[in-house]
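Read the structure below first, then the notes.
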Amino acid sequence: MDTDVIILGGGLVGATLALALDAHGVGSIVVDPADPAVMLAPGFDGRASAIASASGRMLDAIGVGARLAGQGCAIRHIRVSDGLAPGKLDFRPGERDDPLGTMYENKLLRRALFEAASAATHVDLRMQTRATQVVRGPAGVTATLDSGATVTAALLVAAEGRHSPTREAAGIPVARWQYDHAAIVGAFHHEHSHEDIAFEIFYHSGPFALLPLPDDEIGHRSAIVWSVRGADGPAMMKLGDRAFLAEASKRMGGFLGELSAPSPRASYPLGFHHAARITAERLALVGDAAHGIHPIAGQGLNLGLRDVATLAEVLVEGKRLGLDLGDPALLERYQRWRGLDTLMVAAATDTLTRLFGIPGKTASAVRRFGISAVDKLPPLKNRFMAEARGESGALPKLLQGLLV
């Protein structure tokens, strides 16, 4: 075998898996078609991610956290409301507790992971490369690359995203549907400090999330994930900066003062998908190849990072026991460990999306009542905060900040 694991896809999830395995002496070949010069180009590309506290502990444990030091903004408070009506739900950890997460620009995450993977002893990073043929069989996995090389391993991991050709080729069924929503993502500056607060404002046309970013040379700034009706997406993208900021200010009620200096905007349709299984013969799915959810709770990337922590633990322990890393028993352990968690999170976000999308004054009144009631129940709020930090369920060691 040329290596232990072939990882198809070197994005945020695939690269993290390679580094998690590297930290334990498990080798991987990472195959990705992206051009690093484009992927690492300067300038905000409109996307940012909330890294849950548990996911952050894993990044620290595998040596990536140090590369991100000082570049993120801690989320110390989440405020949820139904539109701009009275009534809100505040999630605020104690002063000695970890923050709920940290916001990073995706380009900073990509750069830190790429640089770490490029320097890693047990990671063979092959960018601008595709696998043209993959054969999985009883003896192992063989991949033919468009570079002309042929590589072999005990296990194949698909980290190619929601349209994973490897998952499709394996014949794994996927439940999927589209929401009538498009997400507008970007960032802008604002007059008043966000005070490390993430705001989730629900409208029946879709949630408006305002996520804290570090100040820059211009001043205070936040990222947005603005869900609009699918039919309204193209028109929102065509708005000039001044008109776009005016619309955003209306959604916010002006509580951060005057808005300015918006970043370039991007838009993508929102949907749900969930693979019936996340394993097959000598194959494991991670990240969006396995599941994709509405960004309503900011858990999409964190679900993928939980896949990484779990799969890494299963494989590292398997290698220590001298097992074949493609052993069906190891893959079944990964399937069982991740199956329930991903399904529960997916179902919860889908339910929230539908609940807050019901129009009408009666539905809004019921939601406001529910928000105010939960705000008065500390045990329930603590449960939600544990979920936001990624600390619920049977945590893999990496999510506890420990090597396996």
Side-chain angles (χ1 to χ4, degrees), residues 11-24 48-69 71-78 91-104 106 108-109 112-113 116 159 196 198 200 211-212 278 286-288 290-291 293 295-317 333-334 336-346 348-349 380-404:
L12 300 180
V13 172
T16 303
L17 175 60
L19 290 166
L21 295 175
D22 172 77
H24 297 88
S49 295
I51 300 298
S53 292
S55 300
R57 283 194 284 274
M58 174 170 67
L59 296 180
D60 289 341
I62 63 175
V64 178
R67 295 176 182 270
L68 293 166
Q71 300 184 73
C73 181
I75 301 173
R76 303 192 183 279
H77 181 175
I78 297 175
F91 297 104
R92 185 181 301 168
E95 289 186 8
R96 296 185 179 181
D97 294 335
D98 287 339
L100 296 163
T102 304
M103 286 298 304
Y104 293 103
N106 279 19
L108 299 177
L109 292 170
L113 290 165
D196 299 341
E200 188 93 40
L211 306 162
I278 56 173
V286 294
D288 284 356
H291 39 70
I293 60 177
I296 192 168
Q299 289 299 308
L301 175 57
N302 290 296
L303 269 186
L305 296 178
R306 278 144 75 168
D307 294 342
V308 165
T310 306
L311 183 58
E313 183 161 326
V314 168
L315 296 180
V316 168
E317 290 184 347
R333 184 182 176 210
Y334 172 60
R336 287 197 312 271
W337 199 344
R338 291 301 300 140
L340 181 60
D341 178 54
T342 55
L343 184 61
M344 294 295 286
V345 173
T349 55
L380 192 52
K381 289 173 68 172
N382 289 337
R383 174 69 185 270
F384 284 136
M385 285 193 285
E387 288 286 348
R389 289 196 190 96
E391 295 174 347
S392 61
L395 282 190
K397 291 184 176 65
L398 282 170
L399 295 183
Q400 301 173 50
L402 306 171
L403 293 179
V404 179

Separation between CG (L19) and CE (M58), nearest 0.5 Å, reads 10.0 Å
- May I ask you to decide if S49's main-chain N or O and N106's side chain share a donor-acceptor pair within less than 3.5 Å? yes
Distance col, row I62:CD1 vs L21:CG, nearest 0.5 angstrom, shows 9.5 Å
When every non-hydrogen atom of L395 is compared with those of W337, the smallest separation belongs to C-CZ2, 4.2 Å
To the nearest 0.5 Å, atom CG of L108 lies from atom CG of L68 at 7.0 Å
Looking only at heavy atoms, the pair that brings R67 and A116 closest together is NE-CB, 3.6 Å
Rounded to the nearest 0.5 Å, the CD atom of Q400 sits from the CZ atom of R57 at a distance of 8.0 Å
*asked:* Measuring only between side-chain heavy atoms, which start at C-beta, is I75 closer than 4.5 Å to P212?
replied: yes
Taken to the nearest 0.5 Å, the spacing of T16 OG1 from L398 CG works out to 10.5 Å
Separation between CG (D60) and CG (L402), nearest 0.5 Å, reads 11.5 Å
Next on the checklist: If you apply the rule side chain to side chain contact (heavy atoms under 4.5 Å, CB included), what do you find for L109 with I51, and how did you get there?
Outcome noted: CA-CA 10 Å; L109 292 170; I51 300 298; 4.1 Å; yes
Q. Could you walk me through whether R338 and L303 pass the side chain to side chain contact (heavy atoms under 4.5 Å, CB included) check?
A. CA-CA 9 Å; R338 291 301 300 140; L303 269 186; 3.6 Å; yes
Please check: side-chain N/O of E200 versus main-chain N/O of I78, any donor-acceptor pairing under 3.5 Å?
no
Note to self: Would D307 and L17 count as a side chain to side chain contact (heavy atoms under 4.5 Å, CB included) here? Give the steps.
What the structure shows: CA-CA 9 Å; D307 294 342; L17 175 60; over 6 Å; no
Smallest heavy-atom separation, A52 atom then N302 atom, equals N-OD1, 2.9 Å
Nearest heavy-atom approach of V13 to G304 is CG1-O, 3.9 Å
When every non-hydrogen atom of G101 is compared with those of S53, the smallest separation belongs to N-OG, 3.8 Å
V286 and A159 have their tightest heavy-atom pair at CG2-CB, 3.6 Å
